[in-house]
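A short worksheet on the structure shown next.
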Amino acid sequence: MRLQPIYDIAEICAQHGVTDSIVCPGSRCAPLTLAFARHPDITCRSLSDERSACFVAIGLAQQTKSPVSIVCTSGSAAYNFAPGVAEAFFQEIPLLVFTADRPAEWIDQWDGQTIRQTNIFGAHVKKSYTLPQEYDHQDSAWHINRIVNEAIALSQEFPQGPVHINVPLREPLYPGKDENIIFSKSKKVVKVIPSSFELTPSDKAALSKSIAGYSKIVVVGGQHDAQEKQIKSIVRFCKNNQAVLVGDVISNLHISSETVRYVDSFLGQSDDSVKQSIAPELLITFGKSVISKNLKQFLRKYKPAEHWHIQPSGITADTFQSLTRLIHCSPQNFFEGLQTPEKMESSKEQKKENYVQRWKAEEKRTSRSMKNYFSENRFSEFHILKEILSSLPASCNLHLANSMSVRYANFIGLSVKNKGVRVFSNRGTSGIDGCTSTAIGHSLSNQVPNILITGDMAFFYDRNAFWHNYPLPNLHVVVLNNQGGVIFNLIDGPGNLEEKDEYFITNQKLTAAHLAGEFGHKYLKLDSLRKVKSTLNDFFVFDGRTKILEIASNQKTAIETFEKFKITIKKGYEA
Ligand SMILES: Cc1ncc(C[n+]2csc(CCOP(=O)(O)OP(=O)(O)O)c2C)c(N)n1
């Protein structure tokens, strides 16, 4: 069969452990569509909006922990994958991005749905391949097989990420009436045994010795999907070495009671003397980005003598402008492998202990101020969100949209009580364009409750996330509807510019009720303090229906309550 090498792409993917595929409608991609749709070991879903589809694929890949293949037709369809591809690149998510194309001779010939697709995603994919367009010679089939094997391996190699495969396809694109698609089971599959990136005993000894020379050590976890075992070894390391563990809400380190989680709040309101007293000498980091701008600014200003970053291989970002050592191993291997330091002279031990206590005092002070602040019964999006985070199911995925949703949640923090809560957020590019779609990708592939917290702009931007025929019984969405982007009222900059409302906040009057109605989802509205308890009780019942809870917020209250929050944290220093 002429298209056999193309059909076999699905077989190669399946043999590499790809379980999920998303296909966007089109004709040029028909051979790929049929291959993925008919493959018995791949769950293939159809989504019409390519931009949303790519973000959904991110969610699926995060859940399945395997590459997800996405397929679209030629032309602007391919370009619409781009925002999701960039997010996947920076969040290091393995995607196999197949774009169908016209044969090369038809590019730039005023043919329909034809654009320049070679390298279309530029620097935001790990590599871009183009498959051969003729399959007459048997080496062409081998060539296609080789590229697909290589692309799958590359997507999974650290740092994981999206790989683009452009597929020029010649007509006829559809099988004949009596033609069956059969997958060749004997296809060549190149398996990769991944390297374990272990530190050698002498590396471990040298690092342990260096660590022992420091009395002020801070470990910061960036965004990652933390595993309990890994966190246990980090906490043990911190205890053994009197190191402070800091993690914002996307680090998933909330499951340890030792984690300093209010760093964004107190670094934003404390003065230089406090900051000086907690500045580290040795900073150890792992994971990806941190949310807190206050933490970034603090570490950039009070530069540690050394900054070590731990990751299995490759280069890393110098986020705090102080990187001195890149340690190539897994965080687990690093934190588990280092020797327990011997007890030192008591003055040094005391110095270390004092340093840890300084941080603990800041955390405690902020915790007290927050308790005080949230004890006031107020109808504000910030207060309601606190209530929602306190009512989360024991085991769930929490999806936080950009921008105030993830920031509010970071200020509020999760506690050890939320041990079973895994936090996800599109912090690769921090876009508002695919937050709902990514949460939906998770909802499609797991059974646990998925709770998405989003602002109105992010919610309405990504409304096509709901535009498909797959049920989402375990997705519950909270829309903080303050009728625009309140972030622009809360950051320094827009201030009182006369353009602020129209060009930054972009006031809008939409309600989520229509969208919920259109897609048949249950709509709940919360507009008064009186209804908080009963509405949240209703919202947190998972009865098989997708629920959308709209919080009737507004810019004025949101600004006032946030200002008051900052003042309360600051006042904590006067008490
Ligand atoms: C695709 C994209 N366009 C523009 C932005 C810039 N941006 C950041 S936050 C924001 C407004 C978000 O408003 P909303 O979702 O209502 O959340 P709120 O600020 O009210 O929390 C915008 C436009 C972005 N992050 N991503």
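Side-chain atoms are counted along with the backbone in the values below, which use heavy atoms only and exclude waters and symmetry mates. Counting starts at 1 for both ligands and their atoms, following the listed order.
- When the side-chain hydrogen bond (donor to acceptor under 3.5 Å, both in side chains) test is applied to Gln62, the partners found at least two apart in sequence or on another chain are Gln91, His442.
- No side-chain donor from either of Thr438 and His399 sits under 3.5 Å from a side-chain acceptor of the other.
- Not counting sequence neighbours, Ser443 has no partner by the side-chain hydrogen bond (donor to acceptor under 3.5 Å, both in side chains) test.
- Between Ser155 and Lys126, every side-chain heavy-atom pair lies at or beyond the 4.5 Å cut-off.
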Report every pair formed by an N or O atom of ligand 1 and a protein N or O atom separated by less than 3.5 Å, giving atom names and the distance to 0.1 Å.
unit_1   : atom_1 : unit_2 : atom_2 : d
ligand 1 : 15 (O) : Met457 : N      : 3.3
ligand 1 : 15 (O) : Ala458 : N      : 2.8
ligand 1 : 16 (O) : Asp456 : N      : 3.2
ligand 1 : 16 (O) : Asp456 : OD1    : 3.1
ligand 1 : 16 (O) : Met457 : N      : 2.9
ligand 1 : 16 (O) : Gly484 : O      : 3.0
ligand 1 : 19 (O) : Val486 : N      : 3.2
ligand 1 : 19 (O) : Ile487 : N      : 3.1
ligand 1 : 20 (O) : Asn482 : OD1    : 3.2
ligand 1 : 20 (O) : Asn482 : ND2    : 3.1
ligand 1 : 20 (O) : Gly484 : O      : 3.2
ligand 1 : 20 (O) : Val486 : N      : 3.0
ligand 1 : 21 (O) : Met404 : N      : 3.2
ligand 1 : 25 (N) : Ser430 : O      : 3.1
ligand 1 : 26 (N) : Ile432 : N      : 3.1

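- In terms of the side-chain hydrogen bond (donor to acceptor under 3.5 Å, both in side chains) criterion, residue partners of Tyr573 (sequence neighbours excluded) are, by chain and number, Glu362.
- Minimum interatomic distance between Val249 and Val406 (heavy atoms only, all atoms of both residues): CG1-O, 4.1 Å.
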